[in-house]
Amino acid sequence: MSGYNEEAYQQAREAVIEHPCPFERALLKGCVHCHLARKRLLAERELMTCMEANASTRCRHFLEAVHHNARFALHMDANQPWPFGKEIRAQCGGVLGLIDALETAETDVAALLTIALADSKALEALPWSAIMRSVVHYEPRPRNRKDR
């Protein structure tokens, strides 16, 4: 039996992160980037933190809206936690879909959300059908197909 304590790790994580980054998985995967994100190491794990409280809150609200809109499209039960693959689809696909929908060259998550919310003034006004297409079609990693 391992001596690893996940609960102790989560407590330590909460103690060192002042503003959590909602797009941590997408940033660590490398499908998106953000000028406000900072990588930290804790117990041999990588984690991301946000440098601004307002940006962290804005990103969290956007990701919650992506989750809400993607539940049906990704066949998710509202009472179940998001598995890793579908979370990556939500995070990477959501941001990439917003980039496509806004037809912008901006790829920085914090800057992109600032632009998107300045134009539409509210999350509800974002082009969710276009964003959801990107979420559904995003492949977390290429499938390993061997020609026979």
J.: Quick one: closest heavy-atom pair of V135 and G93, and the distance?
T.: CG2-C, 3.7 Å

J.: Is any side-chain heavy atom of T114 less than 4.5 Å from a side-chain heavy atom of R58?
T.: yes

J.: Under a 3.5 Å distance rule, please check whether T104 uses its side chain to pair with a backbone N or O of I99 as donor and acceptor.
T.: no

J.: Going by heavy atoms in the side chains, are L74 and E87 under 4.5 Å from each other?
T.: no

J.: Could you measure the distance from the OG1 atom of T57 to the CG atom of L113? Nearest 0.5 Å is fine.
T.: 12.0 Å

J.: Start with the C-alpha distance between L41 and E46, add both sets of side-chain angles, then the distance that settles side-chain contact (heavy atoms from CB on, under 4.5 Å), and finish with yes or no.
T.: CA-CA 5 Å; L41 298 175; E46 293 178 322; 3.5 Å; yes

J.: Shared ILVMFWY cluster between L28 and V109, side chains joined below 4.5 angstrom?
T.: yes

J.: Contact between L98 and V66 at the side-chain level, heavy atoms closer than 4.5 Å - yes or no?
T.: no

J.: Can you confirm whether H33 sits close enough to F23 that some side-chain heavy atom of one is under 4.5 Å from a side-chain heavy atom of the other?
T.: no

J.: Is the number of heavy atoms from other residues, nucleotides or ligands within 6.0 Å of CG (N54) greater than 12?
T.: no

J.: Do the non-hydrogen side-chain atoms of C34 and D108 ever get within less than 4.5 Å of each other?
T.: yes

J.: So, taking the atom named CG in L126 and the one named CG in N69, what distance separates them when rounded to the nearest 0.5 Å?
T.: 9.5 Å

J.: For M76 versus P81, what's the shortest heavy-atom pair and its separation?
T.: CE-O, 3.7 Å

J.: Given V95, which partner from the list V32, L27, I131 fulfils the side chain to side chain contact (heavy atoms under 4.5 Å, CB included) test?
T.: V32

J.: About how many Å separate CG of L112 and OG1 of T107, when rounded to the nearest 0.5 Å?
T.: 8.5 Å

J.: To the nearest 0.5 Å, tell me how far R89 CZ sits from H137 NE2.
T.: 9.5 Å

J.: Could you pull out the closest heavy-atom pair between A78 and R71, with the gap in Å?
T.: CA-NH1, 3.6 Å

J.: If Ile, Leu, Val, Met, Phe, Trp and Tyr residues are connected whenever their side-chain heavy atoms lie under 4.5 Å apart, and connections chain through other members, are W128 and W82 in the same group?
T.: yes

J.: Please answer whether the main-chain N or O of P22 pairs with a side-chain N or O of Q91 as donor and acceptor at a distance below 3.5 Å.
T.: yes

J.: Under 6.0 Å from the CD atom of E64, do we count more than 12 heavy atoms belonging to anything else shown?
T.: yes

J.: Would C31 and C92 count as a disulfide pair, i.e. SG atoms separated by less than 2.5 Å?
T.: yes

J.: Would you give the length of the straight line joining atom CZ of F84 to atom NZ of K29, rounded to the nearest 0.5 angstrom?
T.: 8.0 Å

J.: Under the 3.5 angstrom rule, does the side chain of S56 hit a backbone N or O of P20 as a donor-acceptor pair?
T.: yes

J.: Using only atom types and a distance under 3.5 Å, with no angle test, would you say the side chain of S134 pairs donor to acceptor with the backbone of G94?
T.: no

J.: Once rounded to the nearest 0.5 Å, what's the spacing between atom CZ of R40 and atom CD1 of I17?
T.: 7.5 Å

J.: Report yes if the side chains of T49 and E18 come closer than 4.5 Å at any heavy-atom pair, otherwise no.
T.: no

J.: Test your reading of the model: is there a side-chain donor-acceptor pair from D77 to the backbone of Q80, 3.5 Å cut-off?
T.: no

J.: Of all heavy-atom pairs between A101 and A130, which one has the smallest distance, and what is that distance?
T.: CB-CB, 3.9 Å

